[in-house]
Asks: 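Have a look at this one.
These numbers come from the heavy atoms of this one structure, side chains and all, not from hydrogens, waters or symmetry mates.
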Amino acid sequence: MNVGFLDLSRQTLTLEHELERAISRVLRSGHFVLGKEVEHFEDRFAAYCGARHAVGVGSGTDAITIALEAVGVVPGDEVITAANTCVPTIVGIERAGAVPVLADVDLETCTLDPADVERVITPRTRAIVPVHLYGLPAAMGPLLELADTHGLELVEDCAQAHGASWRGRRVGTFGRAAAFSFYPTKNLGALGDAGAVTTNDPEVAERARLLRNYGERERFRHYLRGHNSRLDSLQAAVLAEKLPFLEAWNERRRLLAALYREQLDRTAMSLPDDAEDRRHVYHLYVVRVANRDRFRSVLREQGVDSAVHYPIPVHRQPAYATLDRKGGFPVAECLATTIVSLPLSPEHSDDEIVYAAETACRAAPATTPR
Ligand SMILES: *Cc1c(COP(=O)(O)O)cnc(C)c1O
């Protein structure tokens, strides 16, 4: 059997009728940027998250920039984020003029380690950006407490975690603002680039609305220095068609993750955090193994694709060497050499995942990672 990592056409084909209907509605409307379709999706998505407002923007990266600017981050402010995140989180922070400062992460949850966050806080720190990486909420209790104690803003990077929750509350509602991506591969994906900022604060929502559209409130009246980062009507219409399926897709991801766990529990590999107070939505199913590259090539020989998210930490990238520090980020560095993402999407069949899991079981090294 061959198990591919991700085939987006499977989902698009099952929804072909709904998507075509939505797209032709927009074609006939003659309105292609913002407008009714976008407002409708924003309302539905805010309700889904349990947030008061959602503001549609051009991408997840832009959502991070706009969320930070909307909560008052200004050029020169330091913004702390996770050392194992992907580069776009850093791009989003720098586009707001802020200085990204990395903090190391927890080995089991792959999310920000609050103790290391506390270590890197300086008088210039203005915000913390926890990343709910792979679909697992970061340790929101301790992070909110830190933000509170030090008078910092908390802006969540929810790009991989639509519908994930911590103690029953959905991500996107913990900080003053949050950023979502609807890049096609995400748990809720558009047919191109798209993103959103969520917030419970009406002033933050209003500023985000201005910032995405050149700072303009009424026509030709500019109150802020903004961007061109608006959500297209076509993408909003597509997202509104898909949103009602998101819960079922997330449940399917969790069921497939349970199939993996059943098989892999008896190996020496380290499995994703399964704590009861966090609802993991498995954007990615990431395990840790010793001898990762050998493991992956055995999987490949047996027809099972895998990937690594992410092989080179930000501070080890040529463009971002200045983000490194003395002693580096040992946990993020260890993760980068031991993590493997196994195939998992709502469209994978049970048989495919059982085959991938059995194959991974056979290929698993006998020793624990690290
Ligand atoms: C995808 C992603 C982003 C960026 O979103 P885009 O829509 O691709 O700009 C930011 N942070 C994380 C964690 C992501 O996975």
Side-chain angles (χ1 to χ4, degrees), residues 1-19 110 133-136 160-164 183-191 238 241-276 278-311 338-366 368-369:
M1 191 188 289
N2 280 308
V3 185
F5 192 74
L6 179 66
D7 177 2
L8 286 178
S9 68
R10 287 186 182 182
Q11 184 181 93
T12 316
L13 289 177
T14 62
L15 292 179
E16 205 172 13
H17 175 71
E18 288 87 342
L19 298 182
C110 303
L133 203 66
Y134 311 143
L136 181 71
Q160 302 192 355
H162 320 64
Y183 183 77
T185 60
K186 309 289 183 179
N187 287 29
L188 178 63
L191 302 179
V238 163
E241 290 295 333
K242 286 190 171 193
L243 182 59
F245 297 94
L246 178 56
E247 265 313 279
W249 287 334
N250 280 343
E251 276 308 312
R252 171 101 189 125
R253 287 176 185 273
R254 290 172 53 77
L255 188 140
L256 296 180
L259 286 185
Y260 270 125
R261 178 170 287 276
E262 228 172 83
Q263 297 286 334
L264 301 182
D265 242 352
R266 42 192 141 98
T267 68
M269 52 176 104
S270 161
L271 304 183
D273 180 278
D274 196 26
E276 263 182 20
R278 311 186 197 203
R279 181 183 188 233
H280 198 321
V281 291
Y282 296 100
H283 172 61
L284 294 166
Y285 191 84
V286 178
V287 299
R288 287 191 297 119
V289 290
N291 208 348
R292 190 257 316 273
D293 297 340
R294 169 91 196 108
F295 172 74
R296 289 189 70 203
S297 70
V298 175
L299 288 186
R300 185 73 291 242
E301 284 159 19
Q302 306 293 317
V304 177
D305 280 350
S306 65
V308 176
H309 299 89
Y310 302 92
T338 53
I339 46 175
V340 191
S341 310
L342 298 176
L344 189 157
S345 75
E347 290 75 31
H348 277 99
S349 69
D350 291 14
D351 287 351
E352 286 177 311
I353 298 305
V354 168
Y355 176 76
E358 286 172 353
T359 309
C361 228
R362 283 194 305 271
T368 44

Asks: Under the rule for side-chain contact (heavy atoms from CB on, under 4.5 Å), what residues qualify as partners of T267, not counting sequence neighbours?
Replies: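 With sequence neighbours excluded, T267 shows a side-chain contact (heavy atoms from CB on, under 4.5 Å) to L264, M269, C361, A364, given in chain and number order.
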
Asks: Please find the pair of heavy atoms, one from A164 and one from G135, that lie closest to each other, and give the distance.
Replies: CB-O, 3.5 Å

Asks: Side chain to side chain donor-acceptor pair (under 3.5 Å) with R278: which residues, sequence neighbours excluded?
Replies: none

Asks: Using atom types as modelled and distance alone, determine if a side-chain donor or acceptor of N250 lies under 3.5 Å from a backbone N or O of H162.
Replies: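 At least one qualifying donor-acceptor pair exists.
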
Asks: Taking all non-hydrogen atoms of both residues into account, name the closest pair between P272 and V286 and its distance.
Replies: CG-O, 3.5 Å

Asks: Measuring from atom CD of E347 to atom CG of L256, what distance do you get when rounded to the nearest 0.5 angstrom?
Replies: 10.0 Å

Asks: Sequence neighbours left out, what passes side chain to side chain donor-acceptor pair (under 3.5 Å) with Q263? Give chain and number order.
Replies: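 Partners of Q263 by the side chain to side chain donor-acceptor pair (under 3.5 Å) criterion, ordered by chain and then number, come out as R266.
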
Asks: Between CG of L284 and CG of L136, what distance do you get to the nearest 0.5 Å?
Replies: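 It is 12.0 Å, given to the nearest 0.5 Å.
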
Asks: So, K242 side chain and G189 main chain: donor-acceptor pair closer than 3.5 Å or not?
Replies: yes

Asks: Salt bridge (charged side-chain N to carboxylate O under 4.0 Å, His left out) with R300: which residues, sequence neighbours excluded?
Replies: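 By the salt bridge (charged side-chain N to carboxylate O under 4.0 Å, His left out) rule, R300 matches D305.
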
Asks: Using the side-chain contact (heavy atoms from CB on, under 4.5 Å) criterion, which residues pair with Y183? Sequence neighbours excluded.
Replies: S181, T185, K186, D193

Asks: Working to the nearest 0.5 angstrom, can you tell me the gap between T338 OG1 and N291 CG?
Replies: 11.5 Å

Asks: Holding to salt bridge (charged side-chain N to carboxylate O under 4.0 Å, His left out), I want the full list of residues that pass it with E247, two or more places apart in sequence or in another chain.
Replies: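 Here the qualifying residues are R170, R279.
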
Asks: Can you name the residues that form a salt bridge (charged side-chain N to carboxylate O under 4.0 Å, His left out) with R254, not counting sequence neighbours?
Replies: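 Checked R254 against salt bridge (charged side-chain N to carboxylate O under 4.0 Å, His left out); matches are E251.
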
Asks: To the nearest 0.5 Å, how far apart are CG in L19 and CD in Q11?
Replies: 8.5 Å

Asks: Once side-chain contact (heavy atoms from CB on, under 4.5 Å) is applied, do any residues pair with D351, and if so which ones, sequence neighbours excluded?
Replies: M1, S349

Asks: Determine the minimum heavy-atom distance between I353 and L344, stating which atoms define it.
Replies: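 Smallest interatomic distance, heavy atoms only, reads CD1-CA, 4.3 Å.
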
Asks: Using modelled atom types only, decide if a donor and an acceptor are shared between the side chain of R296 and the backbone of V340 within a distance under 3.5 Å.
Replies: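 No; judged by distance alone, with no hydrogens or angles, the pair does not exist.
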
Asks: State which residues pass side-chain contact (heavy atoms from CB on, under 4.5 Å) with E16; sequence neighbours excluded, sorted by chain then number.
Replies: L13, E20

Asks: Looking only at heavy atoms, what is the nearest atom pair of S345 and L6, with distance?
Replies: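 Heavy-atom minimum between the residues: CB-CD1, 3.7 Å.
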
Asks: With sequence neighbours excluded, tell me which residues meet salt bridge (charged side-chain N to carboxylate O under 4.0 Å, His left out) with D265.
Replies: R261

Asks: Go through it in stages, so that I can follow the logic: the residues are V3 and L342, the test is side-chain contact (heavy atoms from CB on, under 4.5 Å), and I'd like the CA-CA distance, side-chain angles, deciding distance and then a yes or no.
Replies: CA-CA 10 Å; V3 185; L342 298 176; over 6 Å; no

Asks: How close do L246 and N187 get, heavy atom to heavy atom, and via which atoms?
Replies: CD1-O, 3.5 Å

Asks: Could you check whether any side-chain N or O of H348 sits under 3.5 Å from a backbone N or O of G4, counting only pairs where one atom can act as donor and the other as acceptor?
Replies: yes

Asks: Mind listing the closest non-hydrogen atom pair of D273 and A275 along with its distance?
Replies: OD1-N, 3.0 Å

Asks: For Y285, enumerate each residue passing the ring-ring contact (aromatic ring centres under 6.0 Å, His included) test, keeping only those at least two apart in sequence or located in another chain.
Replies: Y260, Y282

Asks: Return the CG to CZ distance between L299 and R362, rounded to the nearest 0.5 Å.
Replies: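 So the CG of L299 and the CZ of R362 are separated by 10.0 Å.
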
Asks: Can you name the side chain to side chain donor-acceptor pair (under 3.5 Å) partners of Y310, sequence neighbours left out?
Replies: Q160

Asks: Does the pair I339 and V308 meet the rule for a side-chain contact (heavy atoms from CB on, under 4.5 Å), with working shown?
Replies: CA-CA 6 Å; I339 46 175; V308 176; 4.1 Å; yes

Asks: Got a second to check how far Y134's OH is from S341's OG, nearest 0.5 Å?
Replies: 6.0 Å

